[in-house]
Amino acid sequence: MALPRLGTVKYHVTIPSSGETIEFRPYTVKEEKALLIAMESKDQLSQVAAARDLVSSCTMGNINVDEIAMFDFEYLFLQIRSKSVGETSTIRIKCSNEECGTPLDVIVDLDQVQVQGEVRPSTKVMLTDDVGVMVSYPKVKGVIKQLMKGKKSASDYESTLNIIASCIDSIFDADNVYDAADQSPKELMEFVESLSSSQFKHILELFKELPTLKHKEEMTCKKCGTTTPVVLEGLQSFF
């Protein structure tokens with residue numbers, strides 16, 4: 001005789017960058033187990049990949065997780081986590097007074113954590129009067145790809161070049177638009193490497209102002225009275 005199956009509660013969440021509302025479900029014990037194993041590995045690639053698989057399953061095909069911006073992905077993960085194991089998370093830090101160092105438990109209301117920073121309606125970057133690029137925010141698949149390359153000891157500068165090349169959607173001039181999907185990774189990298197320092201800086205400015213999942217608050221140590229600022233940013237802060 002087949003065992004009974006429990007009904008699954010469904011929730012809705014609004015994607016920060018697009019304003020699109022999608023449906024999701026909480027994760028199961030089996031999915032949580034896979035996530036916890038990745039957390040315990042202390043390996044960033046394993047953590048992001050496990051979170052990617054979890055978000056993909058819990059959104060039930062309502063969104064292509066690989067193609068969304070990293071900050072959208074982080075926000076989705078946090079919303080799923082909130083509805084799965086509770087709307088608060090306790091994160092332990094140390095008092096910033098070195099003579100004290102008392103452990104402090106920060107209780108974060110996950111529903112209050114939001115994506116900080118302006119989500120630009122257009123990410124067009126003009127390189128000359130006629131030539132420009134359309135750049136997307138770093139996507140989940142691009143971040144995972146770079147983490148995989150990072151295991152091969154790529155330099156920080158090389159990693160930056162790779163990320164920027166992977167974020168180019170198209171290149172255009174006065175007469176034509178060249179879709180990045182029609183170019184090879186090598187051709188896109190050669191284009192990036194052909195830029196002058198000032199042109200490259202224009203693209204970098206966009207990445208310096210990326211929206212990110214961030215939460216700030218302050219904790220006052222009951223032992224010494226020192227106020228310690230708490231800044232949680234990015235996926236790893238909320239694992």
Side-chain angles (χ1 to χ4, degrees), residues 15-18 38 41-53 55-56 63-77 115-214 233-237:
I15 307 301
S17 67
S18 65
S41 74
K42 305 299 182 183
D43 178 71
Q44 189 178 7
L45 174 59
S46 297
Q47 292 177 347
V48 175
R52 186 271 308 273
D53 292 343
V55 171
S56 182
I63 193 168
N64 184 347
V65 177
D66 282 337
E67 295 296 333
I68 63 176
M70 196 63 187
F71 60 86
D72 284 333
F73 166 69
E74 292 172 343
Y75 182 75
L76 267 174
F77 171 80
V115 171
Q116 304 293 323
E118 179 187 3
V119 179
R120 295 188 181 185
S122 173
T123 52
K124 179 170 70 174
V125 180
M126 295 303 300
L127 303 174
T128 68
D129 290 341
D130 298 318
V131 179
V133 292
M134 295 298 298
V135 185
S136 62
Y137 291 115
K139 296 176 182 177
V140 173
K141 66 177 182 181
V143 170
I144 289 178
K145 185 180 293 185
Q146 293 313 310
L147 287 173
M148 293 176 67
K149 288 183 178 179
K151 287 183 172 294
K152 299 177 182 178
S153 302
S155 67
D156 289 343
Y157 186 70
E158 184 181 0
S159 296
T160 299
L161 293 179
N162 284 322
I163 289 174
I164 289 177
S166 71
C167 289
I168 294 177
D169 287 332
S170 63
I171 302 165
F172 60 89
D173 57 25
D175 302 312
N176 297 291
V177 176
Y178 308 90
D179 195 326
D182 296 331
Q183 318 302 319
S184 68
K186 180 181 178 181
E187 289 172 323
L188 291 173
M189 177 59 78
E190 288 175 348
F191 173 79
V192 172
E193 291 179 333
S194 73
L195 301 175
S196 68
S197 295
S198 61
Q199 290 168 341
F200 185 63
K201 184 178 179 181
H202 288 319
I203 299 179
L204 276 181
E205 288 300 318
L206 177 69
F207 286 80
K208 288 179 180 178
E209 301 171 0
L210 286 176
T212 185
L213 192 69
K214 182 182 290 187
E233 184 173 0
L235 188 66
Q236 278 67 38
S237 294

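- Distance check: F172 CZ to M126 CE gives 4.5 Å after rounding to the nearest 0.5 Å.
- Side-chain contact between F191 and V133 is present, with at least one heavy-atom pair separated by less than 4.5 Å.
- Here the side chains of F71 and L210 are not in contact, with every heavy-atom distance at 4.5 Å or above.
- Note that OG of S136 is 9.5 Å distant from CG of L206, once rounded to the nearest 0.5 Å.
- S56 places no side-chain N or O within donor-acceptor distance of the main-chain N or O of D53, the cut-off being under 3.5 Å.
- Rounding to the nearest 0.5 Å places CG of L204 at 7.0 Å from OG1 of T160.
- Contact of the E205 side chain with the H202 side chain is not registered, since no non-hydrogen atoms from C-beta on lie closer than 4.5 Å.
- Closest approach of I144 and A49 over heavy atoms only: CD1-CA, 4.3 Å.
- L195 has its side chain within reach of I203: a pair of non-hydrogen atoms, C-beta onward, lies under 4.5 Å apart.
- Side-chain atoms of Y75 and I15, non-hydrogen and from C-beta on, never get closer than 4.5 Å to each other.
- Taking both residues in full, the closest heavy atoms of V140 and R52 are given as CG1-CG, 3.7 Å, listed atom of the first, atom of the second, then distance.
- Distance check, rounded to the nearest 0.5 Å: CD of Q44 to CG of L147 gives 5.0 Å.
- Enclosure of atom CG in D182 by more than 12 non-hydrogen atoms of other residues, nucleotides or ligands within 6.0 angstrom is indicated.
- In terms of heavy atoms, V119 sits closest to P211 at CG2-CG, 4.0 Å.
- K208 contributes atom NZ, which lies 6.5 Å from atom NZ of K201 (distance to the nearest 0.5 angstrom).
- Contact detail for A38 and S46: the closest heavy-atom pair is CB-O, 3.6 Å.
- Of the possible donor and acceptor atoms, one in the side chain of D72 sits under 3.5 Å from a partner among the backbone N and O of S17.
- In this structure, NZ in K145 is found 11.0 Å from NZ in K139, a value given to the nearest 0.5 Å.
- Between Y137 and M70, the closest side-chain pair of non-hydrogen atoms is not below 4.5 Å.
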Please test I164 against F200 for side-chain contact (heavy atoms from CB on, under 4.5 Å), starting from the C-alpha separation and ending with a verdict.
-> CA-CA 10 Å; I164 289 177; F200 185 63; 3.5 Å; yes
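- Residues V135 and D169 share a closest heavy-atom pair of C-OD2, 4.1 Å.
- Within the 4.5 Å cutoff, side-chain heavy atoms of V192 are placed close to those of I168.
- Side-chain contact between T128 and Q199 is present, with heavy atoms from C-beta onward closer than 4.5 Å.
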